[in-house]
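Numbers here are sequence positions counted from 1. In what follows, every heavy atom counts, from backbone to side chain, and hydrogens, waters and symmetry copies are set aside.
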Amino acid sequence: MDVRKLQLPLQTVSLILGFAVWVILSSLMPFIKSDIPMTPGQLSWVTAVPVILGSVLRIPIGFWTNKYGARKLFAISFVLLLFPVYYVSQATTFIDLLIGGFFLGIGGAVFSVGVTSLPKYYPKEKHGSVNGLYGIGNLGTAVSAFGAPVIAGSIGWSATVQLYLILLAVFVLLHVFLGDRKEPKVVTPVREQMKEIYRNPRLWAISLFYFITFGCFVAFTIYLPNFLVSHFQLAKADAGFRTAMFIAIATAARPIGGWLGDKFNSFIILMFVFGGLTLSGILLSFSPDIQLYTVGCLLIAVCAGTGNGTIFKLVPLYFLKQAGLVNGIVSAMGGLGGFFPPLILASLLSLTGHYAIGFMALSEFALVSLVLVFWMYYQDRLRLATEIIENTAEAIIITDLKGTIRQVNPAFTKVTGYTQEEIVGENPRILKSGKQPSDFYAAMWKTIKEKGFWQGEIWNRRKNGDEYLQWLTISAIKNDAGEIKHYAGMFSDISKLRNK
């Protein structure tokens with residue numbers, strides 16, 4: 001049996017269990033608050049506090065997964081979860097729920113295990129799809145949101161929580177016996193990795209994107225069950241079903257987002273994601289009826305799920321050597337994105353009597369992210385253009401309309417002897433050999449103005465005075481309005497070819 005092939009399904013199902021445990025309290029809150037009276041503020045804290053550890057712990061777990069492997073991290077995490085799950089099942093006070101809920105966050109933190117471990121088993125061009133499939137583990141929140149209330153209606157919420165103890169024990173054994181003992185390890189010290197990444201603006205931009213998309217998913221998963229009951233007076237089972245549908249749609253969209261990230265430019269996908277979140281936030285801010293509210297929530301589910309899958313395609317693209325630590329930081333920011341909204345919404349409700357400002361804030365954050373995506377997209381194109389110029393074998397020289405040299409590449413230095421520092425700001429006439437008459441250059445520029453380019457042989461002079469024959473192509477570079485902004489010359493030394 002090839003253990004490596006088992007890792008994707010094993011780790012995905014493990015994430016389902018981790019997330020199911022993570023949201024026990026929010027899923028069963030309509031039942032719990034009947035036995036343990038709490039204020040609206042206390043309810044918000046109990047449902048939000050599991051997100052704290054579930055977010056912050058993702059950073060070290062991502063690093064530890066690279067160092068020790070997914071087998072050990074999943075097994076240890078599930079063993080540790082046995083204690084808070086049992087403690088919550090015996091809770092009788094708000095403090096009990098707060099303490100137990102905090103440590104339930106371990107269930108959400110295991111997300112960092114798979115996104116760090118699984119890409120090791122697949123080529124780079126499949127990383128988006130693989131992480132998207134692993135993200136199906138989000139279904140764990142749907143399992144609890146829909147299944148837990150149904151079971152609790154028959155056996156009570158305390159006994160329902162204890163059922164999770166059996167599942168955790170089973171998965172500890174599964175990882176002990178089926179986990180990959182030979183998973184490739186990365187042992188670069190965390191301090192060294194942090195020095196390489198913390199000043200990179202792409203890390204914090206990607207973190208913001210996931211803060212919004214995964215934060216939306218977590219926040220709506222946590223706050224919808226109780227909100228639908230209290231605001232729209234829905235039955236507990238109906239609220240659980242609607243929440244489960246939200247989770248199912250967001251989860252189904254995640255592998256689609258990963259696949260789209262593999263097939264197309266991830267930034268273009270994110271433009272649609274944050275555009276949709278901006279519109280849905282505006283819609284919900286007007287406190288619509290249940291039909292329009294459902295439309296807004298479903299749009300958030302599709303956009304957030306797609307974004308969650310696409311974003312992790314960007315991590316190995318920019319941080320291949322530090323993927324474990326970066327995955328941990330990005331996923332931690334996503335978890336924290338789910339911590340603050342329920343508390344903010346509860347505070348706004350007590351102050352204003354509605355949630356409009358909170359949903360409008362979601363819209364504004366999404367709009368800021370949309371602007372950043374556009375910026376990164378065009379920066380990426382500029383970076384690609386620069387890399388092409390720097391790595392092209394032919395010499396390249398770029399001038400402005402006045403003929404002042406603005407950029408050259410390493411091949412230019414190799415052919416002419418002039419470094420970029422020496423040549424930038426000069427005029428190309430510094431390269432003239434004097435062998436071509438003035439009417440040669442007049443004819444050349446006439447052709448460029450009429451056709452947009454010129455191509456042919458020309459003699460030039462190196463820095464050391466040697467003359468050489470080159471094959472030169474000069475092209476006029478135009479903007480979108482059709483105006484010439486630069487001239488680009490590409491040439492190669494053909495002296496040896498002529499001598500032969």
Side-chain angles (χ1 to χ4, degrees), residues 201-202 205 264-271 314 317-318 370-463 466-495 497-498:
R202 294 189 184 93
F264 307 100
N265 189 299
S266 298
F267 292 119
I268 294 178
I269 307 302
L270 291 178
M271 290 176 193
L314 299 176
L317 186 65
Y318 295 119
L370 179 61
V371 173
L372 275 176
V373 168
F374 273 106
W375 179 78
M376 291 183 69
Y377 172 71
Y378 286 104
Q379 286 292 313
D380 214 47
R381 292 182 64 179
L382 289 173
R383 183 174 63 87
L384 177 61
T386 301
E387 288 179 353
I388 291 173
I389 292 174
E390 292 295 317
N391 293 286
T392 299
E394 287 77 15
I396 294 176
I397 178 173
I398 298 174
T399 73
D400 59 20
L401 295 181
K402 295 180 180 179
T404 304
I405 298 172
R406 295 302 180 190
Q407 187 176 356
V408 296
N409 68 344
F412 175 92
T413 300
K414 185 176 181 181
V415 173
T416 68
Y418 288 99
T419 65
Q420 180 161 316
E421 291 75 16
E422 292 172 326
I423 202 70
V424 169
E426 299 288 341
N427 190 284
R429 69 172 65 95
I430 196 175
L431 303 172
K432 281 187 176 182
S433 65
K435 285 192 172 185
Q436 286 83 213
S438 58
D439 58 349
F440 171 87
Y441 292 102
M444 180 182 74
W445 283 106
K446 181 180 178 182
T447 301
I448 293 173
K449 289 180 179 179
E450 292 176 351
K451 296 183 178 180
F453 73 96
W454 177 88
Q455 204 170 51
E457 294 181 354
I458 186 172
W459 285 92
N460 269 341
R461 192 187 306 274
R462 307 184 207 274
K463 179 182 177 181
D466 292 344
E467 295 177 348
Y468 67 99
L469 183 65
Q470 67 182 35
W471 180 262
L472 172 65
T473 299
I474 299 178
S475 302
I477 309 299
K478 300 179 180 179
N479 61 14
D480 293 338
E483 301 171 325
I484 297 175
K485 290 296 183 180
H486 295 89
Y487 292 103
M490 179 180 291
F491 60 89
S492 54
D493 184 351
I494 59 172
S495 304
L497 296 176
R498 173 57 63 89

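Contacts of R462 classified as side chain to side chain contact (heavy atoms under 4.5 Å, CB included), with partners at least two apart in sequence or in another chain: V415, N464, D466, Y468, D493.
Geometrically, K432 engages Y441 in a cation-pi contact, judged by NZ or CZ lying under 6.0 Å from the ring centre and within 45° of the ring axis.
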* Asked: Does the side-chain contact (heavy atoms from CB on, under 4.5 Å) test come out yes or no for L469 and I494, once each step is laid out?
  -> CA-CA 6 Å; L469 183 65; I494 59 172; 3.8 Å; yes

* Candidate pair T404 and N427, rule side-chain contact (heavy atoms from CB on, under 4.5 Å), full reasoning -> CA-CA 5 Å; T404 304; N427 190 284; 5.7 Å; no

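Taken from CG in L472 to CD in E457, the straight-line distance is 11.0 Å, to the nearest 0.5 Å. Remark: L270 CG to N265 CG distance equals 9.0 Å, nearest 0.5 Å. How far CG of D400 is from NZ of K485: 11.0 Å, rounded to the nearest 0.5 Å. The CZ atom of R429 sits 10.0 Å away from the CD1 atom of I405 when rounded to the nearest 0.5 Å. Going from atom CD1 of I397 over to atom CD of Q407 covers 10.5 Å, rounded to the nearest 0.5 Å. Between the CD atom in E483 and the CG atom in L401 there is a gap of 9.5 Å [rounded to 0.5 Å].
Counting only heavy atoms from C-beta outward, the side chains of Y487 and I398 never approach each other to under 4.5 Å. The side-chain heavy atoms of I484 and K478, taken from C-beta on, include a pair separated by under 4.5 Å. V408 places none of its side-chain heavy atoms less than 4.5 Å from the side chain of I396. Put simply, the side chain of F491 reaches to within 4.5 Å of the side chain of F412, judged on heavy atoms. No side-chain heavy atom of L431 sits under 4.5 Å from any side-chain heavy atom of W459. Using a 4.5 Å heavy-atom threshold, the side chains of M444 and I474 count as touching. Put simply, the side chain of V424 does not reach to within 4.5 Å of the side chain of R406, judged on heavy atoms. Residues R202 and M376 form a side-chain contact, since some pair of their non-hydrogen atoms from C-beta on lies under 4.5 Å apart.
Without hydrogens or angle criteria, N409 side chain to E394 main chain gives a donor-acceptor distance under 3.5 Å. A donor-acceptor pair under 3.5 Å links the side-chain atoms of E422 to the main chain of T419, judged by distance alone.
Closest heavy-atom contact between Q420 and T413: N-OG1, 4.1 Å. Between P428 and G403, the closest heavy-atom pair is CD-O, 2.8 Å. For the residue pair F267 and V373, the shortest heavy atom distance occurs at O-CG1, 3.2 Å.
Remark: F440 CZ is packed, more than 12 non-hydrogen atoms of other residues, nucleotides or ligands lying under 6.0 Å away.
Under the side-chain hydrogen bond (donor to acceptor under 3.5 Å, both in side chains) criterion, the residue pairs touching residues 445-455 are Q455-T473, with sequence neighbours excluded.
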